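Encoded as structure tokens, the structure appears first; notes follow it.
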Amino acid sequence: MQGAGTGKDPLRSSAPQWVKSSGRTVSVTFGRLTASHRLLPSFLVVGGQRCGTTALHRALIAHPVVAGPVLHKGVNYFDLGYHRGPEWYRGHFPLRVTARRRAAGAHLPVPGSASGAPEPQAMESSGYYLYHPLALPRIRQDLPDVRLIVMLRDPVERAYSAYKHGLARGFETEPTFEGALELEESRLAGEEQRLRTDPSYVSHSHRHHAYLTRGRYVEQLRRLYDVFDPGQVHVVASEDFSTRPEPVFAGILDFLGLPAWRPASFERYNARPGKPLPEPLRRRLDDHFAPYDEELAQLLGHPPVWRRPAVSVRSADPGEPAR
């Protein structure tokens, strides 16, 4: 079982599926039995999907003081696995002693620390948390002091990227993006209400076919601010992180109270190349999102970066696995 490591294990990546499955079962069982000795997250990256959270997650868990989940980038506990219970969730994170040993070995200065050693922080990234109707209240109940990072991206680009990713992964079967957009309303009809009334229900379309509704960020942020104090939330523009990673990352560390540090490089993950979005469709989607972005600007106190005249990175795909 890995501790607070930062990269993928090449042996695990090349192992047969039955070996991976058996290893996961053993790891989760052992994790549950030792849950009381493990960290709980002090911060979460809660979304959005296809907004570059994988790149941010990789940069964060490379920090010597940050410990990610043992098996996956995201545990998907507060959206899909809540019925498994808190010990199951905690069992996914590293042992305190392992994380403390790694943090102490980094010799990072910690102003105001009596011991001089930084206290490790655990985190996970699950891009469905921001959108799932039950996830945020569950997080508030179980982790009331947690800090939340939200990444937002031009919603037109996000929608198209989500479609390409879903098609490549088999989550989407509609052969054209325009066709998928036309199906969205019927696919999502009643799904959110069913998720609210039946906590055991899992909706494939709600997770994978919400191309337009997931881009209405103001609705999700309002719901977030209804549950959490705004001081617990840090909103990052994916475009800013792509073009100015150093200062944006430094701001995130400051928000989290982590010692100043930076990785050797900032990488992109899970980008989906493909044909550019036709301009007529782009303009139509841009018009669709315009009123939501205006409300978002009022909520944030400034226009989103993709609505500023100087934006020149709209075609960049920072990547994000579907959650």
Side-chain angles (χ1 to χ4, degrees), residues 45-53 56 127-133 135-137 147-165 177-178 180-189 191-193 206 209-244 247-248 251-252 255 276-318 320:
V45 180
V46 295
Q49 181 209 38
R50 301 301 294 173
C51 290
T53 61
L56 177 58
Y128 194 30
Y129 286 167
L130 184 64
Y131 185 60
H132 191 284
L136 296 175
R147 297 189 181 190
L148 306 174
I149 299 172
V150 177
M151 294 193 76
L152 304 181
R153 176 189 181 189
D154 179 343
V156 177
E157 295 292 343
R158 192 221 70 82
Y160 189 39
S161 178
Y163 169 76
K164 291 187 294 182
H165 186 78
F177 182 41
E178 288 187 273
L181 294 176
E182 291 175 2
L183 289 172
E184 180 170 340
E185 184 175 356
S186 61
R187 282 171 159 179
L188 299 186
E191 291 299 276
E192 181 170 328
Q193 183 58 36
H206 192 267
H209 299 151
Y211 304 112
L212 298 180
T213 51
R214 279 210 190 197
R216 297 169 189 165
Y217 303 128
V218 66
E219 298 174 347
Q220 297 163 68
L221 285 180
R222 281 175 177 158
R223 189 167 62 198
L224 175 60
Y225 292 144
D226 283 343
V227 179
F228 286 93
D229 186 288
Q232 293 177 254
V233 180
H234 188 71
V235 179
V236 178
S238 175
E239 291 85 351
D240 280 342
F241 186 55
S242 295
T243 58
R244 303 185 302 112
V248 172
I252 293 171
F255 165 71
L277 193 62
E279 280 304 314
L281 179 56
R282 177 188 297 281
R283 288 193 296 270
R284 178 160 66 87
L285 293 178
D286 209 49
D287 290 342
H288 169 83
F289 287 116
Y292 299 100
D293 287 347
E294 289 178 9
E295 293 182 47
L296 178 64
Q298 295 175 10
L299 184 66
L300 296 177
H302 57 80
V305 64
W306 55 88
R307 290 290 176 181
R308 299 175 195 164
V311 172
S312 61
V313 292
R314 298 188 67 176
S315 62
D317 185 350
E320 159 69 356

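No experiment lies behind these values; they were computed from the predicted model shown.
When all heavy atoms of Leu56 and Met151 are compared, the closest pair comes out as CD2-SD, 3.6 Å. When all heavy atoms are compared, the tightest approach of Asp154 to Trp306 is N-CE3, 3.3 Å. Shortest non-hydrogen contact noted between Arg158 and Cys51 is CG-SG, 3.9 Å. Taking every heavy atom of both residues into account, Pro304 and Asp293 meet most closely at CD-O, 3.9 Å.
Partner of Val150 under the side-chain contact (heavy atoms from CB on, under 4.5 Å) criterion, chosen from Val233, Thr53, Val45: Val233.
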message: Between Ile149 and Phe255, does the side-chain contact (heavy atoms from CB on, under 4.5 Å) criterion hold? Intermediate values first, please.
response: CA-CA 9 Å; Ile149 299 172; Phe255 165 71; 4.3 Å; yes
- request: Would you please test His234 and Ile252 for side-chain contact (heavy atoms from CB on, under 4.5 Å) and show each step?
  value: CA-CA 8 Å; His234 188 71; Ile252 293 171; 3.8 Å; yes
- request: Show your reasoning for whether side-chain contact (heavy atoms from CB on, under 4.5 Å) applies to Tyr160 and Leu285.
  value: CA-CA 10 Å; Tyr160 189 39; Leu285 293 178; over 6 Å; no
query: Between Arg50 and Arg214, is a side-chain contact (heavy atoms from CB on, under 4.5 Å) present by the stated rule, with each step listed?
result: CA-CA 10 Å; Arg50 301 301 294 173; Arg214 279 210 190 197; over 6 Å; no
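For Ala159, the side chain to side chain contact (heavy atoms under 4.5 Å, CB included) criterion is met by Phe177, Tyr211, not counting sequence neighbours. For the side-chain hydrogen bond (donor to acceptor under 3.5 Å, both in side chains) test, residues two or more places apart in sequence or in another chain that qualify with Arg216 are His288. The salt bridge (Lys or Arg N to Asp or Glu O under 4.0 Å) test applied to Arg244 returns Asp240, not counting sequence neighbours. Taking the side-chain hydrogen bond (donor to acceptor under 3.5 Å, both in side chains) definition, one finds that Tyr217 meets it with nothing, sequence neighbours left out. Taking the salt bridge (Lys or Arg N to Asp or Glu O under 4.0 Å) definition, one finds that Glu178 meets it with Arg284, sequence neighbours left out. Residues meeting the side-chain hydrogen bond (donor to acceptor under 3.5 Å, both in side chains) test with Glu184, sequence neighbours left out: Thr213. Taking Phe228 as the reference, nothing meets the ring-ring contact (aromatic ring centres under 6.0 Å, His included) condition, with sequence neighbours excluded. Scored by the side-chain hydrogen bond (donor to acceptor under 3.5 Å, both in side chains) test, Tyr163 finds no partners at all (sequence neighbours excluded). Every residue meeting the ring-ring contact (aromatic ring centres under 6.0 Å, His included) condition with His206, not counting sequence neighbours, appears here in chain and number order: Tyr128, Tyr131. Residues that satisfy the salt bridge (Lys or Arg N to Asp or Glu O under 4.0 Å) test with Glu192, not counting sequence neighbours, are Arg196, Arg223. Residues that satisfy the ring-ring contact (aromatic ring centres under 6.0 Å, His included) test with His302, not counting sequence neighbours, are absent from this structure. Under the rule for a salt bridge (Lys or Arg N to Asp or Glu O under 4.0 Å), Arg147 has no partner lying at least two apart in sequence or in another chain.
With a 4.5 Å cut-off on side-chain heavy atoms, Arg222 and Leu299 count as touching.
Around atom CD of Glu185, no more than 12 heavy atoms belonging to other residues, nucleotides or ligands sit under 6.0 Å away.
Formation of a donor-acceptor pair under 3.5 Å by the Ser238 side chain with backbone atoms of Arg153 is not found in this model. Between the side chain of Ser161 and the main chain of Glu157, no donor-acceptor pair closer than 3.5 Å is present. A donor-acceptor contact shorter than 3.5 Å is absent between the side chain of Gln49 and the backbone of Ala162. Arg308 places a side-chain N or O within donor-acceptor distance of the main-chain N or O of Pro303, the cut-off being under 3.5 Å.
How far CZ of Arg283 is from CG of Leu277: 10.5 Å, rounded to the nearest 0.5 Å. Taken to the nearest 0.5 Å, the CG atom of Leu152 stands 8.5 Å off from the CD atom of Gln220. For the atom pair CG of Leu130 and CD of Glu219, the computed distance is 11.0 Å after rounding to the nearest 0.5 Å.
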